[in-house]
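Below is one structure; the comments refer to it alone.
Residue numbers begin at 1 in each chain, while the letters A, B, ... track the order of the sequences.
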Amino acid sequence: MRVQVTGPYINFLLGGDYLRETISAALKPGFGNLPPCDTRVVLEHTSANPNGPLHVGHIRNSIIGDTLARTFRKGGRRVDVQYYVNDMGRQIAIVVWGVEHEKDEGGNPKGDHHIARLYIAANRSLERDPGITAQVDALMQRVEKGDTEIQKKFREAVSECLEGIKETLRSMQVFHTKFVWESEFVRNSDVDRVLGRLRKLDQAREGATLSLDLSEFGFGKPYILRRSDGTTVYAARDLAYHTWKGRNFDRVIDVLGSDHKLIGGLLQTTLGLLGEKQPEIVYFEFVSLPEGSMSTRAGKFISADELIAQVTEKAMEEVTKRRPELAEAERRAIARSVAIAGIRFDIVRVSPEKSTVFNWKDALDFERQSGPYIQYAHARACSILEKGGDFTPAFSFTTEGEIRLAKQIARFPAVINSVVETLRPHLLATYTRDLADLFNAFYRDNPVLKSEGTVRDSRLALVKAAQQTLRESLETLGIDALSSM
RNA sequence: GGGCUUGUGGCCUAGCCUGGACAGAGCGCCGGGCUUCUAACCCGGAUGUCGGGGGUUCAAAUCCCCCCAAGCCCGCCA
């Protein structure tokens, strides 16, 4: 290492040994993996109500959550990823009422879309005739009391919707290890037990309802846990779920929309009062439409399925334009990967605290700063390596392009670590984009296959290291690292 | 009304926690580059009161205070 003074700054220049070491590490599979660690992490994300398909707002949750899960695993953590299924709230009772009373006008045959149409229709009926509210209330009471016939109806409606949601998640390469049904905590009496403990808190206020007075913690309004008709609210069931998570895992992480900030704070405070582990909550701001915020109830949303279909179609056009010689099935497969890369990268690259407005033009743009741009850099690297054939890695880096690329590669494990520490997955996205930029700059100024001797072996080693690092980064972002596109 | 978050060229975004080298990219715009490792790429150019005003500091996009604007929350919904 050399030290140089420039004006008021002292620059520490990293020498050849450092680059040799890291580039040689990057040549091995699994570059960027952090040492395994025994901490058991449970990460909850998406958990959208099963009253309709995932829309472009929900998938910000899914993509942030899935990217965090992948990064944690790369960081050596053991991670359980859970989707908490709300299968007994008021919204689901409305769905069940809709299944019984509404007619489906037809459209996308997927179960989640079918359920959404009934849910939207039921809400319209509810607006016209407030008397229906009593019927919905009755459904909620019967399901909570354990009426098996009604429970079956709830389960069937929820399952139908959930199957559609699962299909959407799979197509985005978002994976959960477990779907936890809320009603489980009512059935196994965890909710009763946690209510029993809550009742004994100094902050408990019990009359017709059971609530907590958390004003000493800055929460102005009572935290209602049980309705006057005896049924529990979501908050109570969520407390039971988080108590269970806290007792079975070392770290509990939730990814939630910023509209949950207040209830997230109430949840954390209450768990603290009970002496249970408090979850770490990652909040993200909303995705809205140019005409305003999305609403499943009002039918005002762009579904993830529609987004994926449109982006895939655009990707197919692009692939066909560039690679007309490929068979259709092959083009189709590339288009699917490119589409998911476009969608996932576009969402994960923005810091979570920034609210965004969805627009089709940007969603369909595969140019610079996009996921496909990074995939393309990776594919170019693969192509050079394929043409280069066997080589003996050398580590002599002298040009500016070589050194800057090598340094960026070297940063990768630190980036994984910082995402794990800060729970900010966009850091990985910007890192990967910069890596692709630096690879392109290197590619432009440093001929690889035409060079000779040590220069060629060094550059091939660098290309290989860059390709591996791009692949590891892309896979951690849930994006396919295509070798040809 | 109260709370939380955001405000960076026409558009979009990184940097803000941990203050320092000309505020980095991208889109769009103007002008170039495919007999040369994949042009989903690259090069050059124009475009910035870092929302506004105070303050702290040798030094502020970054820290503090006030103001303005936008989004979200303030249900016996989730």
Pairwise 5' ranking along RNA chain B for Lys387(A) and Asp362(A), keeping only the more 5' one
Asp362(A)

Side chain to side chain contact (heavy atoms under 4.5 Å, CB included) involving Tyr431(A) - partner list, sequence neighbours excluded:
Gln408(A), Arg411(A), Phe412(A), Val415(A), Leu428(A), Leu435(A), Thr469(A), Ser473(A)

Taking rC22(B) as the reference, what is the distance to rG2(B) when you measure between their P atoms (whole Å, please)?
42 Å

Pairing residues for Tyr223(A) by the ring pair (Phe, Tyr, Trp, His ring centres under 6.0 Å) criterion, not counting sequence neighbours
none

Identify every side-chain donor-acceptor pair in residues 134-141 of chain A under 3.5 Å, counting partners at least two apart or on other chains, and give the distances.
unit_1, atom_1, unit_2, atom_2, d
Gln135(A), OE1, Trp97(A), NE1, 2.7
Asp137(A), OD1, Arg90(A), NH2, 2.0
Gln141(A), NE2, Asp229(A), OD2, 2.8

Counting primed atoms, P, OP1 and OP2 as sugar-phosphate and everything else as base, the B/S/- map of nucleotides 72-78 of chain B against protein heavy atoms under 4.0 Å is SSSSBBB

Spacing of Arg323(A) atom CZ relative to rA39(B) atom P, expressed in whole Å:
12 Å

In whole angstroms, how far is the C1' atom of rA14(B) from the CG atom of Leu435(A)?
16 Å

Looking at every heavy atom in both Arg60(A) and Ser351(A), which two are closest together, and how far apart are they?
NH2-O, 3.2 Å

Taking atom P in both rG19(B) and rU62(B), compute the distance separating them and give it to the nearest angstrom.
12 Å

Quick check for you: among rC37(B), rG15(B), rU5(B), whose closest atom lies nearest to any side-chain atom of Ser351(A)?
rG15(B)

Compute the centroid of each ring, for Tyr373(A) and then for Phe366(A), and state whether the two points are separated by less than 6.0 Å.
no

Partner nucleotide of rU62(B) by Watson-Crick or wobble geometry (both distances under 3.5 Å):
none

Using Watson-Crick or G-U wobble geometry with both distances below 3.5 Å, tell me the partner of rU36(B), or none.
none

Protein-nucleotide distance (Arg368(A), atom CZ; rG24(B), atom C1'), rounded to Å:
12 Å

Between Asp190(A) and Thr243(A), is any pair of side-chain heavy atoms under 4.5 Å apart?
no

Any heavy-atom pair between the side chains of Leu477(A) and Phe345(A) that's under 4.5 Å?
yes

Closest of rU5(B), rC37(B), rA40(B) to the Glu353(A) side chain is rU5(B)

In whole angstroms, how far is the P atom of rU36(B) from the CG atom of Asp445(A)?
18 Å

Look at Arg444(A) and rC43(B) and indicate whether a side-chain polar atom (N or O) is within less than 4.0 Å of OP1 or OP2.
yes

Side-chain contact, heavy-atom cut-off 4.5 Å: Val287(A) with Val357(A)?
no

So which protein N/O to nucleotides 7-10 of chain B N/O distances come out below 3.5 Å?
unit_1, atom_1, unit_2, atom_2, d
rG7(B), OP1, Lys354(A), NZ, 3.1

In terms of the nearest nucleotide of RNA chain B, which residue is placed more toward the 5' end: Lys361(A) or Phe442(A)?
Lys361(A)

Consider the side chain of Arg380(A), meaning its heavy atoms from C-beta on, and name the nucleotide among rA25(B), rG15(B), rC41(B) that approaches it most closely.
rC41(B)

OP1 or OP2 of rC37(B) versus the side-chain N and O atoms of Arg459(A): is any pair under 4.0 Å?
no

Sorted by chain and number, sequence neighbours left out, side-chain hydrogen bond (donor to acceptor under 3.5 Å, both in side chains) with Ser183(A) holds for Asp87(A), Arg187(A)

Distance check, C1' atoms only: rC34(B) and rG26(B), in whole angstrom units.
23 Å

Length of the line joining Gln408(A):CD and rG24(B):C1', which is rounded to integer Å
13 Å

Rounded to whole angstroms, how far apart are CG on Asn446(A) and P on rC42(B)?
15 Å

Nearest-Å distance once atom C1' is located in both rA21(B) and rU47(B):
24 Å

Of all the choices, rA40(B), rC4(B), rU13(B), which nucleotide is nearest to the side chain of Val350(A) once you look at every atom?
rU13(B)

Using the C1' atom on both, measure rA46(B) against rG10(B) and round to a whole Å.
13 Å

His242(A) pairs by side-chain contact (heavy atoms from CB on, under 4.5 Å) with which of Val252(A), Val194(A), Thr270(A)?
Val252(A)

Can you tell me the pairing partner of rA78(B) across any strand shown, Watson-Crick or G-U wobble, with both distances under 3.5 angstrom?
none

Which value, rounded to the nearest 0.5 Å, describes the distance between Arg227(A) atom CZ and Leu210(A) atom CG?
13.0 Å

Does any nucleotide pair with rU47(B) by Watson-Crick or G-U wobble geometry, both distances under 3.5 Å, and what is it?
none

